[in-house]
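Accompanying notes for the structure given below.
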Amino acid sequence: MLKTHTCGELRLEHVGQRVKLAGWANRVRAQGGVVFIDLRDRWGITQAVVDAQSAPEAHAIAEKVGREDVLQIEGIVRARPEGMANPNLPSGAIEVEVHLLRVLSAAKTPPFDVSSDGKLDEALRLKYRYLDLRRQRMQRNLILRSKITKAIRDYLYERDFVEIETPILFKTTPEGARDYLVPSRLHPGKFYALPQSPQQLKQLLMVAGYERYFQIARCFRDEDQRGDRQPEFTQLDLEMSFVEREDVLNLIEGLMIHLVQVAAPMTGCQLVTQPFPRLTLQEALLRYGTDKPDLRYGLEIVDITDLAAQTGFRVFAENAAAGNPTRAIRIPNCGNYSRKQLDELSDLARSVGGKGLAYIALEAGEAGQVKSPIGRFLTVEQMSALIERMSAQQGDLILISSDTHATVCAVLDAVRREFAARLGLADPKRIAFCWIVDFPLFDWNADEQRWDPSHHLFTAPAPEDIPLLDSDPGKVRGQQYDLICNGYEVAGGSIRIHDRALQEKIFGLIGLDVEDAKRRFGHMLEAFEYGAPPHGGIAPGIDRLVMLLAGEPNIREVIAFPKSQQAADLMAGAPSEANARQLAELHIRVVKDD
RNA sequence: GGCCCCGUAGUGUAGCGGUUAACACGCCGGCCUGUCAAGCCGGAGAGCGCGGGUUCGAAUCCCGUCGGGGUCGCCA
């Protein structure tokens with residue numbers, strides 16, 4: 001080894017030892033007769049001291065050392081002189097008196113400062129990702145990710161799960177997200193698809209009798225990017241046989257609590273509540289306006305449809321008559337908002353499809369006025385009933401949306417998140433999980449005049465709702481569950497259909513005829529005829545989970561080599577053109593768009 | 001595909017119709033034996049992503065385009 005110790009481990013107890021260290025020059029402070037070099041490796045920073053008197057050769061080299069040069073030093077660990085310790089450095093009580101200094105690899109001046117976590121242009125970070133990854137923030141995040149992955153494996157191996165790999169080259173499934181296709185050289189005109197998730201394969205592993213399977217699986221979806229969505233991402237894919245919903249939820253809840261404990265020493269994250277609250281989808285929409293509520297803060301939605309219906313404000317009355325709701329959120333201590341600020345909130349509402357946002361501002365103080373553009377349509381009694389319903393006090397702001405259920409949800413969800421940000425309510429160190437259950441099995445697709453699966457094709461209906469499949473499919477609940485954390489969906493799963501007849505019935509309802517179904521899923525249907533156990537599973541998104549545990553705002557921060565929003569690798573320059581020979585072998589002709 | 005924000009020395013920013021295009025860090029040279037965001041002195045380095053237009057005059061205004069980010073659609 002070129003080093004006897006890491007740059008993070010030397011302490012007072014090592015004083016007097018002869019050591020070899022190697023790493024990068026994090027910062028260099030030349031001070032005439034003595035040069036200080038902060039030597040950095042994955043484990044930390046140790047100060048090397050090169051003295052012109054005692055080590056003239058090393059000193060001559062040290063004077064020319066630049067940032068990010070790769071160095072090896074040999075010397076003696078010594079306590080720093082009285083008053084010279086650096087309390088900001090774990091190794092700050094000691095330093096290494098250098099006798100020998102070697103430059104193992106000189107570095108060009110890097111395009112940005114590797115020794116700090118300061119703000120940088122995203123494109124620059126991605127172009128020089130290997131330098132970005134040297135920075136402390138990214139080192140911490142990737143090491144955290146590794147610890148989380150190991151903790152997941154440990155947890156599941158302890159519970160007798162089997163880790164099994166499934167193919168990356170698989171079959172296209174027209175449902176769901178857009179597939180990434182891989183042309184076949186041996187089969188002209190045919191394509192593999194990269195898996196959107198190993199969904200079918202893990203169910204087949206249940207048919208195969210493994211009973212408890214998991215995989216840290218790479219998944220691919222050719223859809224537009226977001227801060228929490230990359231074209232390739234990693235799921236903990238998991239499936240169990242002979243289980244019911246409770247078994248899966250309990251297993252995962254235990255795992256998540258464990259992962260927070262694993263991450264906490266590195267990131268200071270804290271679990272907000274356990275056991276995890278459970279909300280039905282409907283409840284989540286009514287109270288938070290979204291199927292992925294952030295429970296780190298309140299700002300809950302309150303229904304005021306009955307009160308609004310009685311007022312003289314036409315929008316409220318007409319909506320109530322049409323069966324549409326009016327709901328509101330109380331924002332504490334924002335009753336002094338200016339007209340301009342309130343107008344901006346209407347813009348926010350419009351940006352998510354609303355027509356506007358009514359407000360009642362209760363100015364602070366004894367003499368505080370009630371300001372509201374709809375005030376003149378309400379009697380004094382109606383106004384006070386509304387204020388009471390909202391539990392509002394002087395100084396509060398009430399924001400009201402009246403529209404279709406879906407629009408009211410969208411508007412008040414946006415309002416809620418906006419004020420959480422403005423009021424600093426979403427502390428990234430706090431981790432608030434909740435389960436969402438009781439999803440409808442189908443959504444009505446008005447364009448195609450048919451039912452679409454709201455989760456996926458293999459989700460089992462709630463047993464008591466099976467009769468409704470014939471009479472009222474929209475009312476059938478699926479045995480589906482989502483795990484939400486801090487406003488992000490971090491896992492989704494379900495109990496699956498293991499009965500061929502029921503599966504065929506579902507195919508029928510979503511407009512797949514028998515021939516179609518056989519062509520696409522014949523292997524599944526056939527497998528179900530050979531003794532399929534009842535089974536179910538879930539797939540937590542590891543990128544999102546690590547992002548949240550790390551307190552990061554997007555998943556690029558926890559992925560070593562992420563793609564840009566245009567799904568490009570800015571470092572290597574992917575995607576790139578294939579040459580004529582490659583294309584010919586693959587039986588591909590590229591068509592230029594106009 | 002729509003909407004919004006950003007693009008100025010190596011980096012982060014300022015400048016928003018007339019400036020020798022500014023500041024900090026970094027870089028180069030010098031001084032310095034206890035620094036640790038070292039300090040002090042001196043210096044080099046951009047014509048403002050790219051293309052076009054408006055104007056006497058454009059980094060500043062307009063159009064297009066490229067790149068990055070956010071968001072709606074999309075993501076079973």
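In what follows, every heavy atom counts, from backbone to side chain, and hydrogens, waters and symmetry copies are set aside. Here is how names work: the chains are called A, B, and so on, in the same order as the sequence lines, proteins then strands, and each is numbered from 1.
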* Identify whether the glycosidic angle of B:rG69 places it syn (within 90° of 0) or anti. =>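 Anti.
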What I want to find out is whether [X] reaches [Y] closely enough, with some N-O distance under 4.0 Å, to be called a salt bridge.
X: A:D413; Y: A:K292; answer: no
X: A:D113; Y: A:R67; answer: yes
X: A:D222; Y: A:R178; answer: no
X: A:R218; Y: A:E232; answer: yes
X: A:D224; Y: A:R226; answer: no
X: A:D516; Y: A:R519; answer: yes
X: A:K355; Y: A:D403; answer: yes

Interatomic distance at [atom1], [N] relative to [M], whole Å:
N: B:rG18; M: B:rG57; atom1: C1'; answer: 7 Å
N: B:rG49; M: B:rG67; atom1: C1'; answer: 8 Å
N: B:rA44; M: B:rA21; atom1: P; answer: 15 Å
N: B:rG7; M: B:rC48; atom1: C1'; answer: 10 Å
N: B:rC72; M: B:rG15; atom1: C1'; answer: 34 Å
N: B:rU60; M: B:rA9; atom1: P; answer: 14 Å
N: B:rG52; M: B:rG2; atom1: P; answer: 25 Å
N: B:rC23; M: B:rG45; atom1: C1'; answer: 15 Å

Scan [X] against the nucleic acid and name what it touches under 4.0 Å (heavy atoms): base, sugar-phosphate only, or nothing.
X: A:R80; value: base
X: A:R78; value: base
X: A:Q565; value: base
X: A:S454; value: sugar-phosphate
X: A:P111; value: sugar-phosphate
X: A:L124; value: sugar-phosphate
X: A:L120; value: sugar-phosphate
X: A:Q199; value: base
X: A:G83; value: nothing
X: A:E68; value: nothing
X: A:L570; value: sugar-phosphate
X: A:D51; value: base

* Asked: For RNA chain B, whose closest nucleotide is more 5', that of A:Q225 or that of A:V28?
  ->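 Upstream on the strand: A:V28.
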* When the nearest nucleotide of RNA chain B is assigned to A:S54 and to A:R417 on a heavy-atom basis, which residue is associated with the more 5' position? ->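 It is A:S54 whose nearest nucleotide is closer to the 5' end.
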Whole angstrom is fine here: how far is it from [atom1] in [X] over to [atom2] in [N]?
X: A:H59; N: B:rU35; atom1: NE2; atom2: P; result: 15 Å
X: A:M571; N: B:rG68; atom1: CE; atom2: C1'; result: 17 Å
X: A:Q566; N: B:rC6; atom1: CD; atom2: C1'; result: 15 Å
X: A:D443; N: B:rC75; atom1: CG; atom2: P; result: 11 Å
X: A:K108; N: B:rC28; atom1: NZ; atom2: P; result: 14 Å
X: A:Y488; N: B:rU71; atom1: OH; atom2: C1'; result: 12 Å
X: A:I555; N: B:rG69; atom1: CD1; atom2: P; result: 12 Å
X: A:M84; N: B:rU33; atom1: CE; atom2: C1'; result: 11 Å

Would you kindly check whether a donor in the side chain of [X] faces an acceptor in the base of [N], or vice versa, at under 3.5 angstrom?
X: A:D121; N: B:rG69; result: no
X: A:R27; N: B:rC36; result: no
X: A:R178; N: B:rG73; result: no

Base paired to [N] (Watson-Crick or G-U; both N/O distances under 3.5 angstrom):
N: B:rG47; value: none
N: B:rG26; value: none
N: B:rG39; value: B:rC31
N: B:rU60; value: none
N: B:rG7; value: B:rC66

Counting side-chain heavy atoms from CB outward, which of [options] is closest to [X]?
X: A:E223; options: B:rU33, B:rC27, B:rC75; result: B:rC75
X: A:R229; options: B:rG26, B:rA38, B:rC74; result: B:rC74
X: A:Q47; options: B:rG68, B:rU35, B:rC72; result: B:rU35
X: A:D224; options: B:rG73, B:rC27, B:rG34; result: B:rG73
X: A:Q31; options: B:rU71, B:rA38, B:rG69; result: B:rA38
X: A:R29; options: B:rG69, B:rC36, B:rG26; result: B:rC36

* **A:E57 atom CD: more than 12 heavy-atom contacts under 6.0 Å** => no
* To do: Considering just the side-chain nitrogens and oxygens of A:T109, establish if one lies under 4.0 Å of OP1 or OP2 belonging to B:rC27.
  =>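 Negative; the distance criterion is not met.
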* Asked: Using a cut-off of less than 4.0 Å, is there contact between a side-chain N or O of A:K119 and OP1 or OP2 of B:rU13?
  ->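 Looking at the OP1 and OP2 atoms of B:rU13, one of them is under 4.0 Å from a side-chain N or O of A:K119.
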* Please check if any side-chain donor atom of A:D543 sits under 3.5 Å from a side-chain acceptor atom of A:Q230, or the reverse. => no
* Asked: With under 30° as parallel and over 60° as perpendicular, where do the rings of A:F442 and A:W451 fit, or are they tilted in between?
  ->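 Ring orientation of A:F442 relative to A:W451: tilted.
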* To do: Compare the aromatic ring of A:F112 with the six-membered base ring of B:rU11 and state whether they stack according to the 5.5 Å and 30° rule.
  => no
